[in-house]
Amino acid sequence: MLTIKNLNARVEDKQILKGINLKVNAGEVHAIMGPNGSGKSSLASVLAGRDNYEVLEGEVDLDGKDLLEMSPEDRAREGVFMAFQYPIEIPGVSNINFLRTALNEIRAYRKLPQLDAKQFLKLSKERQKLVEFDAKLVNRSLNEGFSGGEKKRNEIFQLAMLEPKLCVLDETDSGLDIDALRIVSNGVNKLRSKDNAFILITHYQRLLEYIVPDFVHVLYDGRIIKSGTKELALELEEKGYDWLKESFREQPV
Amino acid sequence: MTKQITIPLYTELLEGFSHSDENATDDTLQKIRRAGFENFKKSGFPTRRDEDWKYTTISSFLQEQYHINGIAKELTASAELISEAIVPSLDAYQLVLVNGKLQPHNNNFPGFIKIIPISEAVIQDDVRQHFAGNSTVASGHFAALNTALFSNGLFIEISANAAIDKPLHIVHAFTSATNVFIQPRHLFVVHQGAELNVIETIVSENSLAKIFVNSLTEVIVEENASFNHYVLQTAKTGVRLVNQTDVKQKRHSVYSNYTFCMPKADLIRNNLNVALNAEQTETHLYGLYLGEDQQLIDNHSLIHHKFPHCNSNEIYKGVLLDKATGVFNGKVFVNPEAQKTNAFQQNNNLLLSNNATINTKPQLEIFADDVKCSHGATVGQLSKEAMFYLQSRGIGEEAARALLVNAFAFDVTEKIKIPELEQYINHLIALHIPGNKN
């Protein structure tokens, strides 16, 4: 589904990504871990098309299409969804109105018929239930006055509504208490299918107890320095990152 | 008055007045007109030396040769033009004025509402006490000129303790094949305990002729009365609009004004003056201005707290595109006697182009010591973060911008008490956001 080849990117004068290679197939869950400042969130931002990132080199291919050539909205319409680490509050835009606009723009792009009010409401209720999202929050202004946990749960609700094929969760677990983490994880597990794929960016192994990944990658200094299966996450939890950093430095680049 | 020599209209007005003075039929009214004219002669048209006109050079809108008697012609507006004012699915009484003149209508107004042409009303003594209050004459300039030479307009009165069952929608249509200077004059009297909801919509045709409208409306809100006053300015290119509204509030009255200045007209200058002439009044001034091309939209407001225990609240929001210029000036005067005053004011602006300009000036003059007053003014752009968030959910750039501008305007639009009108205003906003032009 997704193939990233030698991706190099910078913010202002600072190069953050220094040759990322990653292949994600449909049905897979990949976890990306790594110390602070290693470039995890930058990778998510580059995939979603945030404009302060400049791609210097490399390719990102989503089912045969060049993702880097697309505007952020076209990436979303092609099926990329990034759950924000810090979801934005937009007073005056109602959550539900925003979702209806988004869903209908995506459907128009995919040449699917628009949902009428009744169909949309039905879908919204069904997905709220699936991800245990509070109905009261649905009609409020987008994220305005939401708690940190409510904002993250809203991201998962949006994900459930928009049905993307590639879901990038940027530290969705940070700032969540145990209950919220369980709810968010349950939501993701219910949404997993053979047709979609997830990239989980996280600091903590804890999330991976709830959402079990097929692969774990360690990102350090803008490169993936080690890949493995879910056992790698446990090893990291136990030993930290230092042993990997050292072995990485010993290798000639 | 050497400074007026360069304005061709000035001479025409002098001649026009002496002509109308000779043909006057009512002595008392003529006295008022003469007083207005004397004040206009003294003050002339405002220049940039007048503090209130510092950012609006009116002379550049008065260079053309305007006709002041062209308005006597019987004109009708096309059905198409009138239909532009329609607020979808709104149930309302409708009145149409063409160039200020009331057109025949078939409304079945309840008996407690009286609607007659202003010229018939002002010859009645009980009406005249409300007409041409000091401020409209003494302030000179356009108000004095209107008093001297107004021709058509409406007198609307609602009886004590009556409430209108649906809004009164007044369509002001302006149309002309030649340059004209039109001076409508209106008077609303909301008697004790009465409730009135009015929507005024200004529409015009796309024409090459310049139409200068110098309109003056007086509003009397008596004790315990309530008036929701919506003004929707959607005139097109060629129209220059100077619109003064003078409101007088009595004890326990509520006056809410909602002004929406939409794109296209060359100039919109609103002077909204509210005199709080008794205790325990409530005043809300909500405004939204959306300027594009080379438009100039200037909103001046004045709330005068003269008695204790009065509340006023003002929120004006502006969105400026292209080379448009916005001006906001909000005066709040609090007299020494007006203790326990609450007065809040806010003006926020979005500049969506590098060439747009806003001049904003809150002006609070407070002479009482036990009051709560605040003001704030901001100028900003759309948040890039918010844009990216919306786009990352598949919403295109234009739709995202429209959503955010609607959200910016929300503080004002949510205050509209007529849902059909709120929906219509949101629709108009979305229509004018860059890239959404049809």
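For the numbers below, each heavy atom of this structure counts, side chains included, while hydrogens, waters and symmetry mates do not.
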How many angstroms lie between atom [atom1] of [X] and atom [atom2] of [Y], to the nearest 0.5 angstrom?
X      : Y      : atom1 : atom2 : answer
B/L390 : A/F98  : CG    : CZ    : 6.0 Å
A/S45  : B/F388 : OG    : CZ    : 6.0 Å
B/S392 : A/R50  : OG    : CZ    : 8.5 Å
B/L403 : A/S94  : CG    : OG    : 9.0 Å
A/I90  : B/L404 : CD1   : CG    : 5.5 Å
A/D51  : B/K384 : CG    : NZ    : 6.0 Å

Contact origin within [X] toward chain B - heavy atom pairs under 4.5 Å:
X      : result
A/E155 : side chain
A/L99  : neither
A/P164 : neither
A/A108 : neither

Of the non-hydrogen atoms in A/G92 and B/A407, which two are nearest, and what is the gap between them?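 Minimum heavy-atom separation between A/G92 and B/A407: C-CB, 3.7 Å.
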Do you know the tightest heavy-atom contact between A/I88 and B/A386?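 Looking at all heavy atoms of both residues, the shortest contact is CG2-CA, 4.1 Å.
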Would you indicate whether [X], at its atom [atom1], is surrounded by more than 12 heavy atoms from other residues, nucleotides or ligands within a distance under 6.0 Å?
X      : atom1 : answer
A/E150 : CD    : yes
A/Q128 : CD    : yes
B/E414 : CD    : yes
B/K166 : NZ    : yes
A/Y109 : OH    : yes
B/K323 : NZ    : no
B/Q381 : CD    : no
A/K129 : NZ    : no

Would you say A/E73's side chain and B/E397's backbone share a donor-acceptor pair under 3.5 angstrom?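 Answer holds: yes.
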In terms of relative ring orientation, are A/F84 and B/Y389 parallel, tilted or perpendicular, with 30° and 60° separating the classes? perpendicular
Any side-chain heavy-atom pair of A/F81 and B/R393 under 4.5 Å: yes
When only pairs under 4.5 Å are counted, which of B/A409, B/A400, B/G394 shares the most heavy-atom pairs with chain A? B/G394
